[in-house]
Amino acid sequence: MLSAVNLCIARFVTLSQYKESNKVSLSWISHDLPKPFDPERTATAFERWRALAERPAFESISDQIVEIATNAQTSSVLAALFGNSPYLTNLCLRDPGTVCDVFANGLDDAFKTALDPVRESAKAAPLDQPTTMATVRIAKRHAALVIAIADITNAWSLDKITAAISDTAELTLGFTMAHCLSALARLRKYDLPNPENPLKDSGIFAIGMGKLGAGELNYSSDIDLIFLYDQDVVTYVDPDRIHQDLVRMVRDIARIMEERTGDGYVFRTDLRLRPDPSSTPPILSMLAAETYYETVGQNWERAAMIKARIVGGDHNAGNAFLEILRPFVWRKHLDFLAIQDIHSIKRQINAHKGGSKINIPGHNIKLGRGGIREIEFFAQTQQLIWGGREVSLRCKATCETLRELTKFGQVSENVRDEMLSAYAFLRTVEHRLQMIDDQQTQTLPESDEGLHALATFLGYTDRAGFIADLLLHLRNVENNYAELFEDDVPLAGATGNLVFTGTEDDPETLANLRQMGFENAENVSVTVRGWHHGRYRATRSRRAREILTELMPTLLGALAKTTNPGMAFRAFDDFLKGLPAGVQVFSLFTAHPELLELLAQIAGTAPRMAKYIGRNAAVLDYVLMSGFHEELPDAQDMIMELDARLSREDMVEDWLDCARRWANDQKFQIDVQTIQNRHTPHAAGRALADVADVAIRSLFPRIADDFATKHGQFEDGGLAVFALGKHGGQELSPGSDLDMVFIYDVPEDAEESDGDKPLSPGHYYIRLSQRYINALSAPTAEGILFETDLRLRPSGSKGPLATHFKSFDTYQNNDAWTWEHMALTRLRPVYGPENLCKKVVATTNAVLCKKRDPDRLVREVFDMRNRMDAGKGDNHPWAIKMRRGGLVDLEFIAQYLQLRHAHDHPEILSPTTRDVFKNLDAAGILDGEQAKFLANAGSFWLAIQAMLRLTTEGPFDPQTASTDLRKMLATAGKCDDFEQLQAKVDETATKTKAIYDLIISDPAEKAGPIPES
C-alpha cells in the first residue's frame, strides 16, 4: 500500500502532466499576504526547500519544487510561512508533496486528498497499532498544512477553516476508535455487531463538546470528548470486566490521538467535560450519565451541552442519548431560579463597560476581557434562557447563534455585527498565535518584538495598527457583554472575576483569589468546582448549587477577611462536607450575611467548631436569637427552658434528642463567646458546668420515672449524682467529660422494689445508673450530650456503678487511697434526695478533715505526681494540663493543702481551685502573694486550655498557627501579643513549679520514702 505522501506525489504528477498547458488558477492567493518577519530564517528555509529537489525521495516532483520557489505568487506564500512560523516551515519541508498538491490542484482538492486515508474508518479494522498511529498522524499533518495555507492566504472563510479542522479531528478520531474497537474484539472480549465496519451499531460513541461539537476548532486545539456506551447494546464476553476493559480502550484512544511520535501527534484530548470528572472513569454508561445530568447537572453543563455532537463511534446510539438529554438542555419552561443561577454566573464575571484597563502584552484573547469566551457566553446564556421555547436558537455555532438572536429580537443588528466582526478577528489572531509553534495558547506575547512578529504574521505593517484594531474589538465585546449585567447587582469581587464553572481555571478568578489572600488559588478553584459537581450531600440538589453560586463572592469575601484565608477555606470545606443538606443553610446565609462572617471567623480560628456546625447546622438558627452575643445563659433560666421543652415530649428517645439539641445550642453559645473573649474563663467554665447540671436535673427525674413504671421504687430510697473533677469544681473546659459518682441509700429492711418486675436495691440502682449514663453519653441522631467518666467511684472501674451510702462511707474512711481523697476535695452534689446529698457531703467533709501524718501525706502526694508524670507527662510547652508547672501541679498544690490543713481549718474546703487559694490565703496557710499568683495562674491556664481545645486538633504548634489564633490566645491570656504570651506561659509554669517544689517536693524528699506497713 502506498504511503499517504507517495499517494499525494503520484497524484500530483499525474495531474501536472495532464494540465501541463492549462494549470489550475492561483487566483485564490491573496495579494496582501503577510510579509516574512525574519528574513534570515526565510532565506535559510528557501535554501532547504530548493535542496529538496535534489533528494531522491522527491525526484518525481523536483521540477514542481523548483517552480514553486521561483514563481512570484507561490514563493510569496512560502515566504509568509517561512518567515513567520517555524512549525509551518517544518511541515513544508517535511511534506513538500502536499504543498505541490495545493498549488497544482487547489486547496479543496488537496484537503480532501490529505484526509482520504482516514475517511473510511472501517479500513482501520485490520491495521496494527503502529500503522494506525502513523496513518492518523500523517493525515492530520497534511490537513494542517493545507488549512494553514488556506488561512494565511485568506482563501477560506473562518467558518470553512474551523470546519476543516473539526473534520480532521472527527475523521482521525473515528479511524482511531474503529481500530481500538476491533483490537478489543480480537481479544475475544467484545462482540462487534459489524466486524467489517466496527463503529456501526457498536453501542460505543464519543460526544464532541465545545468547539469540536460546534465545528469551530482552533488551529492547535484540544478536543473535548465524552465517551459513553449503551449498556443495553454492548454485548460483552465477560460482563464483570466490561467497564475495566472499556476504560483501557478509551485510554488507548486518547494515547493514540495525543502521544508524540516521529510522525508528530494528532490532537490533544480532554475528557474533563464528562460528568464529575475527578470521581468518574473516562467512559460511562448512558444510564450513569443520564442519571447524573438529571440529578446534579449544572446550568453551565447545560450550556456546554448546547454544542454537543456525536463525533465518533455509534452515531445512532449517540444521537439517541442526546435526544434523551434534550429536556435537560432545553427546558420548555425555564424556572426563575435557573434563570437566576445563569445570571449569577454572568455576574461573577467582572464585566466592564468602557474605560477598563486592558494590558495588551500577555492578554488572553480567549479568557481575558473582551475575549472569545465573552462572545460565546454572550450567546450561550441567552440560548439557555430562550432556547427552550424558540427552537431556532438551538444552534451549535456561535456566529449562527448571534444571527438567530438578532432575528429573535434579543440582539440588535449593530451589536450582532460588532460581535461577529470581533469573533472573526480574535479567532484569526488565535490561529496565528498557535501556528507559530503549534502551541495551544491564546496569550499574546509579553515583549514588543513578540507583538510585532504576531502583527506581521497577521498582515500588519506595524505593531501599532494591530493593537489599535485589537483594542477596538476587545472594547466592543466588553461593552456589549456588560449590557447583560445592567439589570443585575454585580456579584464579582472588587478586583476581578469569581467564576468556577466549566473544567478550566479562569485566569482572572485565580488572580483575584490570590489578591484576596488565598495562596493556593488553584486548589480553591478546584474545590469550589467540586462543590458545584455535587460531591457533598449539601450541594447535591440543584437549588442548593444555584444559591451557592449566588453566595460565592460573599462567602469568599468573608473567608478572605481572616488572617489565614487558606486555612479558613479548608475549614469551611470541612464544614460543608459534614452538612447533611444545603438549601436551608445557604438560604440562611443569604438572608443573614452576619452568620457567614461568624462562620468565617470560626473557620479561620476554630476548625473543630466548624466541623461541629457542619454536623449540627441548626445551631446557626440559635445565633440569630437576641442575646446570643450579649450574656452567658443563666442556670435558672436554662432549667425553666429545658423543662418546658421536655414537657412537650412523651418518649425517652424524644427527651434525649431534645436535651441534646438544647445543650448543643448552649455549649455553642459559650464556645463562640469564648473564642471572642467575651467572658472570663471561670465564667465560661461555670456556664458549661451549669449546662451539664441542668441537663442532669431535667432529664434524670424523667428517666427515673420511666424506669419506675416497670420496676417500681423504694420507699424512702433514692439515688444521688455527684460531680467530681472539673465538673465538680465548675471549671469545665470545651469538650471536657463529666467525672461522676452515683450513691444510693435505702432502708435497711428493703429487699426489692415495688414494681411489676421488682429488683434488689443493688441491681435496681446500678441499672438506673446505667440509664442515667446512657441518657448523657449514648449517641442519637443529635449526637451525645456529654461524655462521662466514672473511674473516680469507690474501687474505680472494678467497683459497681452505684455505691450504697454505707459502702461509700466505709470505703472513704477505711480503704481509699490518698489520691482518691484528693479527688474527693472536688465533690459537689448535682442531683438527688436532699437528705442523701447532705449525708454524702457530711461524710466527705469528715474524711477531708481527718488529721493526717504530714510526712506520709506529702510523700504520697509527691509519689503520685511523679508516677503520673512518668506515665502521662508531657514536656511540650503548650501541654497546659500535664506539663510541669501546669494545671495538674497547681491542682495538686490545692488538694494537698486541703488534706494537710482541713483538720484545723475546715473553712478552706472548696471544689473550685481558685476559691481554695483564696481560702488558704484567708486562713494564713499560704502567703498572700503566693495565693494570689496561684489563683491567677489557674485562671490563666484555664483560659489558654479552653481556647486551644476549641481551636486546635493535636498538639499546638506556634509555628503553624494562624495570626488570628495567636492573637486570640494572647487576648485570652491578657497579653499584648503572642510573644508576650509565650513569655508568660514559661514564667507561669516556672513559678508554679517552684511553689510546688517548695510546698510538696522539698518536704517530700526530706521526709524520705514511705515505710512499708
Side-chain angles (χ1 to χ4, degrees), residues 724-725 728-729 739 741 791-799 803 806-827 840-873 881-882 884-911 913 915-917 919-921 923-927 930-931 934 938 992-1013:
L724 295 165
D739 291 300
V741 61
R791 289 175 297 176
L792 291 179
R793 67 185 185 270
S795 299
S797 57
K798 296 180 181 178
T803 306
K806 284 189 176 179
S807 298
F808 173 80
D809 182 87
T810 300
Y811 182 85
Q812 295 297 345
N813 279 289
N814 301 317
D815 302 319
W817 296 74
T818 295
W819 69 265
E820 291 179 287
H821 286 170
M822 292 171 67
L824 206 61
T825 62
R826 308 193 77 176
L827 180 139
V840 172
V841 169
T843 292
T844 298
N845 287 340
V847 168
L848 297 180
C849 289
K850 279 186 175 182
K851 192 172 183 64
R852 301 168 191 268
D853 178 349
D855 289 345
R856 186 178 188 88
L857 173 64
V858 74
R859 187 69 197 195
E860 287 179 341
V861 171
F862 175 71
D863 289 346
M864 178 64 192
R865 180 67 182 98
N866 288 345
R867 284 195 296 273
M868 185 182 292
D869 194 35
K872 298 181 180 179
K881 179 179 179 180
M882 297 304 299
R884 295 317 303 251
L887 265 175
V888 170
D889 277 351
L890 189 137
E891 290 169 351
F892 263 56
I893 294 171
Q895 292 163 10
Y896 161 71
L897 289 177
Q898 287 180 90
L899 296 181
R900 173 74 174 79
H901 298 286
H903 174 73
D904 299 318
H905 298 280
E907 72 276 10
I908 66 175
L909 295 176
S910 173
T913 305
D915 292 342
V916 171
F917 290 127
N919 296 341
L920 290 168
D921 179 19
I925 296 170
L926 264 184
D927 173 80
Q930 280 185 335
L934 290 173
T992 301
K993 181 61 166 63
I995 296 174
Y996 174 90
D997 289 341
L998 181 67
I999 294 174
I1000 297 177
S1001 298
D1002 295 346
E1005 290 174 349
K1006 185 180 292 185
I1010 301 170
E1012 294 184 11
S1013 56

Any heavy-atom pair between the side chains of Ile908 and Val916 that's under 4.5 Å? no
For the pair Arg859 and Asp863, evaluate salt bridge (charged side-chain N to carboxylate O under 4.0 Å, His left out) and give the outcome as yes or no after the intermediate values. CA-CA 6 Å; Arg859 187 69 197 195; Asp863 289 346; 3.3 Å; yes
Looking at side-chain heavy atoms only, is the closest gap between Met822 and Glu891 below 4.5 Å? no
Between Glu820 and Gln812 (side chain of the first, backbone of the second, donor and acceptor by atom type, cut-off under 3.5 Å), is there such a pair? no
Between CG of Asp815 and OG of Ser795, what distance do you get to the nearest 0.5 Å? 7.5 Å
Using side-chain heavy atoms (C-beta onward) and a distance below 4.5 Å, is Arg826 in contact with Asp739? no
Hey, what do you get for CG (Asn919) to CD (Gln898), rounding to the nearest 0.5 Å? 8.0 Å
Output, in order, the C-alpha distance, side-chain angles, deciding distance and verdict of side chain to side chain contact (heavy atoms under 4.5 Å, CB included) for Leu998 and Gln930. CA-CA 11 Å; Leu998 181 67; Gln930 280 185 335; 3.5 Å; yes
Do the side chains of Arg865 and Asp889 get nearer than 4.5 Å, heavy atoms only? yes
Nearest heavy-atom approach of Cys849 to Pro906 is SG-CB, 3.8 Å
Distance col, row Ile893:CD1 vs Asp997:CG, nearest 0.5 angstrom, shows 9.0 Å
So do the side chains of Phe808 and Val840 get within less than 4.5 Å of each other, counting heavy atoms only? yes
Heavy atoms, side chains only, cut-off 4.5 Å: are Lys850 and His821 in contact? no
d(Tyr896 OH, Arg852 CZ) to nearest 0.5 Å is 11.5 Å
Would you give the length of the straight line joining atom CG of Asp853 to atom CZ of Arg900, rounded to the nearest 0.5 angstrom? 9.0 Å
Between Gly938 and Leu887, what is the shortest heavy-atom contact and its length? O-CD2, 4.5 Å
Exercise: identify the closest heavy-atom pair between Leu899 and Leu848: CD2-CD2, 3.6 Å
Is there side-chain contact between Met864 and Trp817, with at least one heavy-atom pair below 4.5 Å? no
Gap separating the CG atom of Leu934 from the CD1 atom of Ile999, nearest 0.5 angstrom: 6.5 Å
Mind listing the closest non-hydrogen atom pair of Phe892 and Tyr996 along with its distance? CB-CE1, 4.1 Å
Are more than 12 heavy atoms from other residues, nucleotides or ligands located less than 6.0 Å from atom NZ of Lys993? yes
Salt-bridged, Arg884 to Asp869, with N to O below 4.0 Å? yes
Which pair of heavy atoms, one from Ala931 and one from Asp921, lies closest together, and at what distance? CB-CB, 3.5 Å
Could you check if a side-chain atom of Leu824 sits within less than 4.5 angstrom of a side-chain atom of Leu792, using non-hydrogen atoms only? no
